[in-house]
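In the text below, chain A, chain B and the rest are named by the order of the sequence lines, each starting its count at 1. Just so it is clear, the model here is predicted, and its values are computed rather than measured.
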Number of protein chains: 2
Amino acid sequence: MDERQLRILRELGELGSVTAVAEALLVTPSAISQQLRLLQRAIPVPLTERQGRRLVLTDAGQALAGAAIEVETALERARHAVAEFVDRPDGEVSVAAFHSAGSAFFPLLLRGLAAPGGPRLALADADVTQDDFPPLTREYDLVLAHRLEHTPGWPRTVTATTLLREPLDVAMPVDHPLAVKRRLTPRDVADQPWITAHDGFPVVATIDAIATAAGRRLRLAHRINEFAVVAEAVAAGGGLALMPRWTMRPHPALVLKPLSGVQARRHIDALHRPERTARKAVRTVLAELHRAAGTIRGRG
Amino acid sequence: MDERQLRILRELGELGSVTAVAEALLVTPSAISQQLRLLQRAIPVPLTERQGRRLVLTDAGQALAGAAIEVETALERARHAVAEFVDRPDGEVSVAAFHSAGSAFFPLLLRGLAAPGGPRLALADADVTQDDFPPLTREYDLVLAHRLEHTPGWPRTVTATTLLREPLDVAMPVDHPLAVKRRLTPRDVADQPWITAHDGFPVVATIDAIATAAGRRLRLAHRINEFAVVAEAVAAGGGLALMPRWTMRPHPALVLKPLSGVQARRHIDALHRPERTARKAVRTVLAELHRAAGTIRGRG
DNA sequence: AATGATCCTTTAGTTTCCCTACATCGATCC
DNA sequence: GGATCGATGTAGGGAAACTAAAGGATCATT
């Protein structure tokens with residue numbers, strides 16, 4: 001007893017003849033007849049009987065045909081199950097972000113998508129080296145990653161859209177001698193001790209660029225990833241540091257000065273596997289991320 | 001997307017690896033892999049993904065696997081649908097009977113099966129020639145038919161069980177000259193005018209037997225099928241008639257006298273197609289018919 | 001009563017589909 | 001870094017379902 005045989009039985013009940021079923025299912029009457037015989041072989045009581053030259057269902061056949069409707073209904077529901085899953089506007093969407101993006105984007109996402117009926121957010125922080133951002137798309141629907149402008153970009157396996165192109169400024173205590181200048185050159189800052197991230201993290205490459213532009217090696221005094229910690233270290237006189245202009249909450253004891261002559265700008269990208277945007281809920285969150293990026297850029 | 005593929009997807013969700021599914025379904029992992037690929041071909045979003053060297057369901061795959069459970073449930077219900085139909089004790093059972101059997105058996109059936117939860121009766125009268133009883137089993141679950149003892153019996157296509165072997169007596173007015181005798185011989189009645197059924201109806205053959213035993217032709221004055229009408233005709237002096245001893249309500253103006261020397265006995269049989277007794281409700285009614293036959297015999 | 005049309009079934013042959021066997025590739029373990 | 005485990009691809013064989021053609025039964029028509 002399989003789905004096709006039940007389908008045939010049901011159609012026979014509704015259409016009333018083998019020939020009509022055959023036409024409806026686009027096969028020969030012979031095929032219908034054979035399938036009915038196979039179905040009957042599995043059932044100890046007659047499902048069909050001759051009525052003149054037509055074949056009709058017995059009471060037992062009608063009982064089984066009724067059950068066949070449930071089977072077809074369930075199959076139809078299964079066929080639409082994926083589409084429903086895909087089209088749900090209120091599905092759960094997981095978003096991972098490195099720390100500073102999280103602190104800037106997460107509040108805007110939470111407020112922008114607080115309305116009921118919208119996507120339910122599952123937020124997570126994930127501060128990893130640049131190479132480890134793409135694999136995160138296995139676990140999260142959307143991954144906020146950063147990379148420096150003019151770097152190779154992301155592997156083909158993930159789709160990336162740029163949310164923000166954010167300048168990196170030089171952070172220093174408000175009473176630092178360089179704080180009086182409006183802009184800084186690589187030469188201005190080459191003598192200073194630096195606080196930078198661990199190797200493999202995106203911002204490090206800019207430090208190298210400054211060294212190249214100034215023609216000398218920089219002194220890397222401290223290696224701190226977390227910008228909030230970096231800010232405290234800078235405020236305490238531990239050295240200069242590159243800090244994002246928009247995504248960090250301004251520290252009262254620090255000033256940010258733009259840097260000339262070096263590409264000091266990072267991209268904040270949303271990474272995801274291509275198929276993830278098949279879900280409406282994911283697309284909604286992605287759109288909200290772009291809106292949030294506009295807000296962040298505008299208030300900078 | 002068919003039942004087997006959905007089954008495989010569901011098992012993959014529960015067992016967590018292609019190999020485990022293959023072992024559970026008693027096929028090779030290659031077969032599972034191929035079926036999953038076929039299923040995936042019909043769905044625009046990934047249903048599975050690699051996790052290390054295992055294969056697991058994506059969220060979309062889990063959504064579809066959930067729908068697969070409904071499909072399997074419906075199929076299982078379908079597999080039991082016929083059995084449930086067959087085992088229902090309260091199904092409708094149709095019973096057809098010739099007139100005198102109906103008047104004797106129907107009241108006993110209705111009283112014996114009045115309890116709720118038992119079979120629902122659909123009774124019908126059907127007075128047909130002997131040859132037309134078997135075809136009635138197409139339309140009715142049980143058919144009460146009659147035939148004379150020592151006649152060929154019913155065709156192989158129907159199952160027959162004898163309910164009653166009922167003597168046929170000679171009916172006459174209470175003031176008839178023959179009414180003084182305890183028993184009658186063929187010779188006693190051969191001179192009398194007779195009231196008999198139309199040709200083709202069972203009782204007619206006994207009339208022939210009487211004629212043969214007496215060595216002369218009988219005078220068939222009237223041809224009346226319905227025993228109630230026959231009784232009135234006999235009471236009015238229209239002639240003698242053969243009448244069943246038990247299944248007719250006694251007429252106040254008639255007496256019944258047994259006949260010697262001739263097999264004057266009819267069988268009241270329950271006919272049905274063999275498969276009909278697969279239904280519990282039909283078996284219940286058949287048993288009740290036998291019980292009713294005992295009652296009728298006992299009060300005779 | 002005969003003829004033709006309709007409907008179902010049977011048989012034989014072909015096509016399609018699914019599975020096994022075997023090889024390969026990638027991931028994990030020691 | 002070899003060994004093992006798990007999944008997948010390919011080729012081939014066998015089962016299952018279909019088509020085509022013929023035959024039998026029923027019904028309508030003349």
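- You'll find a donor-acceptor pair under 3.5 Å spanning the side chain of A:Ser30 and the base of D:dA20, going by distance alone.
- A salt bridge is absent between A:Asp87 and A:Arg279; no separation between the charged side-chain nitrogens and carboxylate oxygens falls under 4.0 Å.
- Across all strands shown, B:Gln34 has heavy atoms under 4.0 Å from base atoms, whether or not it also approaches the sugar-phosphate.
- Side-chain contact of A:Ser30 with A:Gln34: a donor-acceptor pair under 3.5 Å is present, judged by distance alone.
- Salt bridge status for B:Asp90 with B:Arg88: present, with a side-chain N to carboxylate O gap under 4.0 Å.
- B:Arg276 places no side-chain N or O within 3.5 Å of a backbone atom of B:Val282 that could act as its donor or acceptor partner.
- Counting non-hydrogen atoms of neighbouring residues, nucleotides and ligands closer than 6.0 angstrom, the CD atom of B:Gln51 reaches no more than 12 such neighbours.
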Readout for nucleotides 22-30 of chain D: B = base within 4.0 Å of protein heavy atom, S = sugar-phosphate only, - = neither; 5' to 3' it is ----BB---
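- A salt bridge links A:Glu11 with A:Arg7: the distance from a Lys NZ or Arg NE/NH1/NH2 to an Asp or Glu carboxylate oxygen falls below 4.0 Å.
- Listed for the B:Thr151 side chain is no donor-acceptor partner under 3.5 Å among the backbone atoms of B:Arg147.
- Within residues 1-22 of chain B, the residues having any heavy atom closer than 4.0 Å to DNA chain C are, in order of number, B:Arg4.
- Of all nucleotides in DNA chain C having an atom under 4.0 Å from a heavy atom of chain B, the first and last in 5' to 3' order are C:dC18 to C:dT28.
- Taking atom CG on A:Leu36 and atom P on D:dC18, their separation rounds to 11 Å, with Å as the unit.
- Across A:Pro119 and A:Ala281, no two heavy atoms sit closer than the pair CG-O, 3.6 Å.
- Take the nearest nucleotide of DNA chain D for A:Pro29 and for B:Arg54: the residue whose nucleotide is more 5' is B:Arg54.
- Listed pair B:Arg37 / D:dG9 meets the phosphate criterion, a side-chain N or O lying under 4.0 Å from OP1 or OP2.
- Residue A:Ile32 is out of contact with every strand shown, counting any heavy-atom pair closer than 4.0 Å.
- Between B:Asp141 and B:Arg273 there is no salt bridge, since no side-chain nitrogen of the basic residue lies less than 4.0 Å from a carboxylate oxygen of the acidic one.
- Backbone-only contact: B:Leu26 has heavy atoms under 4.0 Å from sugar-phosphate atoms and none from a base.
- A donor atom on one side chain and an acceptor atom on the other are found under 3.5 Å apart for A:Thr247 and A:Arg266.
- Aromatic ring orientation, A:Phe133 versus A:His146: perpendicular (interplanar angle above 60°, classes split at 30° and 60°).
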